[in-house]
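One structure is given here, and the rest of the page talks about it.
All heavy atoms count here, side chains included; hydrogens, waters and symmetry mates do not. Per chain, numbering begins at 1; letters A, B, ... match sequence-line order. Nothing here was measured: the structure is a model prediction, and the numbers come from that model.
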Protein chains: 2
Amino acid sequence: MSSGVLTIGDLSKATGTKVETIRYYERIGLLPAPDRTSGNYRAYGKSDLGRLSFIRRARDLGFGLEQVRELLGLSDQKQRSCEAVDVIARDHLADVDRKLADLKALRRELDSIIRRCGRGTIGECRIIEALAPIDPRH
Amino acid sequence: MSSGVLTIGDLSKATGTKVETIRYYERIGLLPAPDRTSGNYRAYGKSDLGRLSFIRRARDLGFGLEQVRELLGLSDQKQRSCEAVDVIARDHLADVDRKLADLKALRRELDSIIRRCGRGTIGECRIIEALAPIDPRH
DNA sequence: CTGCACCCTGTAGTAACTACAGGGTCAACA
DNA sequence: TGTTGACCCTGTAGTTACTACAGGGTGCAG
């Protein structure tokens, strides 16, 4: 495969995405169906690489596929849709902050359990009682 | 339903868990099968509430169901040597620390997106380009 | 010309729920 | 007493975001 043409395997290696996942993204319309070679192989270009990189990165940041689709749509129509992107990102940030706080709390609890445990107070490892406040969230 | 007995709906409300999810947890053995009333309703107690609270909290923090199962095992096997418990707990602590680092990094990214996007001049929003570096991760 | 790595389609499996369908139970209210 | 209406039951099938085959074709190196 010469010049700027990439196989699905090239895309896979370049982005760290499994080949099956790339085909899946095509199936659900996140990636456009590429041209085919004479042997029916998918022939990708540079723009496909960029688009897939974006998808992977957004997924890595915890955006759902529908959110990614929305973000891609916003960038496809090169209008001033910055506000919409901002809303999506802010929404996600709030979620991350909540998880961060919870995780810090869990870390503290786990750490104190380890300290109690290490000192040999057998039978006092009450992890559930420590970690399951009756306080319901959501 | 009088005294300390809770219906599945009570548990659902108290923990923010869907009724179907509670039954699912029972099916896969995360929650013990509770006693039944004369009308075949599930009758839960306080300890079930605590256990479910813990499961939800751990799930919310990104632990998989198998990890949750292991964490629950920490508290169930109280007669176990403290040293063994300590090893498992430390392992989970490492896991928590990794998640914390990931989330912090994610938070930074999102925050920078929002700052560039929300405050930036409309029409200079290059979020998609910013999010899709040719640099492949993983 | 024969391996072998790679590609193709299609289907089915995974985790962790979530949503019905079709029916039973229970407390309240007229 | 009867009848709503909210709640419960089991069982099955759908969802999200992949992942893993099965069964077969392509392309290049030796």
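The phosphate of dC17(C) (OP1 or OP2) has a side-chain N or O of Tyr25(B) nearer than 4.0 angstrom. Neither OP1 nor OP2 of dA16(C) sits under 4.0 Å from any side-chain N or O of Arg69(B). Contact between the side-chain N/O atoms of Thr37(A) and the OP1/OP2 oxygens of dT26(D) is not found at any separation under 4.0 Å. Close to dC8(D), at under 4.0 Å from its OP1 or OP2, lies a side-chain N or O of Thr7(B).
Of all non-hydrogen atoms in Thr15(A) and Ser53(A), the two that sit nearest each other are CG2-OG, 3.9 Å. Here the closest non-hydrogen pair linking Arg59(B) and Gly64(B) is NH1-CA, 3.8 Å. Among all heavy-atom pairs drawn from Ala43(A) and Pro34(A), the shortest one is O-CB, 3.6 Å. Among all heavy-atom pairs drawn from Pro32(A) and Asp48(A), the shortest one is CG-OD1, 3.8 Å.
Distance from the side chain of Lys18(B) is smallest for dA19(C) among the nucleotides dA20(D), dA19(C), dA16(C). With dT18(C), dC26(C), dG27(D) as the choices, the nucleotide that has an atom nearest any side-chain atom of Ser38(A) turns out to be dG27(D). In the set dC7(D), dT18(C), dA17(D), dC7(D) carries the atom at the smallest distance from any side-chain atom of Lys13(B). The side chain of Arg36(A) lies closest to dT9(C) when the candidates are dC9(D), dT19(D), dT9(C). Comparing dT9(C), dA20(D), dC8(D) by their nearest atom to the side chain of Arg42(A) picks out dT9(C). Among dC8(C), dA17(D), dC17(C), the nucleotide with an atom closest to any side-chain atom of Asn40(A) is dC8(C). Nearest nucleotide to the Arg56(B) side chain, out of dC17(C), dT9(C), dA17(D): dC17(C). Nearest nucleotide to the side chain of Tyr41(B), out of dC17(C), dC7(D), dT26(D): dC7(D).
Rounding to the nearest 0.5 Å gives a distance of 10.0 Å between CZ of Phe54(B) and CG of Leu30(B). Rounding to the nearest 0.5 Å places CD1 of Ile55(B) at 9.5 Å from CZ of Arg69(B).
Salt bridge absent: Arg23(A) and Glu26(A) never bring a charged side-chain N and a carboxylate O closer than 4.0 Å.
Using a 4.0 Å heavy-atom criterion, one finds that Arg59(B) contacts the sugar-phosphate atoms exclusively.
Counting heavy atoms from C-beta outward, Arg42(A) and Thr7(A) have side chains that stay 4.5 Å or more apart. Two residues are said to be in side-chain contact when any heavy atoms from C-beta on lie closer than 4.5 Å; Leu52(A) and Thr17(A) meet this criterion. Tyr24(B) is listed as a side-chain neighbour of Leu65(B), based on a closest heavy-atom distance under 4.5 Å. Looking only at side-chain heavy atoms (C-beta outward), Tyr44(B) and Ile22(B) come within less than 4.5 Å of each other.
One can place CD1 of Ile22(B) at 13 Å from P of dT10(D), the figure rounded to the nearest angstrom. One atom, OH of Tyr24(A), and another, C1' of dG10(C), lie 16 Å apart when rounded to the nearest Å. Put simply, CD on Glu20(B) is 12 Å from C1' on dA21(C), counting in whole angstrom units.
Glu20(B) is linked by a salt bridge (Lys or Arg N to Asp or Glu O under 4.0 Å) to nothing, counting only residues two or more places apart in sequence or in another chain. Partners of Thr21(B) according to the side chain to side chain donor-acceptor pair (under 3.5 Å) rule, which considers only residues two or more places apart in sequence or in another chain, do not exist here.
Mapped onto DNA chain C by nearest heavy atom, Glu66(B) and Ile8(A) fall at different nucleotides, with Ile8(A) at the one closer to the 5' end. DNA chain C is contacted by both Ile55(B) and Arg23(B); Ile55(B) maps to the nucleotide lying nearer its 5′ end (nearest heavy atom per residue). DNA chain D is contacted by both Val19(B) and Gly39(A); Val19(B) maps to the nucleotide lying nearer its 5′ end (nearest heavy atom per residue).
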What are the atom names and distances for every N/O pair under 3.5 Å that joins the protein to nucleotides 1-4 of chain C?
none

Using a cut-off of under 3.5 Å, enumerate the N/O to N/O pairs linking the protein to nucleotides 1-5 of chain D.
none

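For the residue pair Arg56(B) and Tyr25(B), a side-chain donor N or O sits within less than 3.5 Å of a side-chain acceptor on the partner.
Recorded end-axis angle for the helix from dC1(C)-dG30(D) to dA30(C)-dT1(D) stands at 10°, based on five pairs per end and rounded to 10 degrees.
Side-chain atoms of Ser12(B) never come within 3.5 Å of backbone atoms of Ile8(B) as a donor-acceptor pair (strictly under, hydrogens ignored).
For the contact set between residues 26-35 of chain B and DNA chain C, defined by any heavy atom under 4.0 Å, there are no members.
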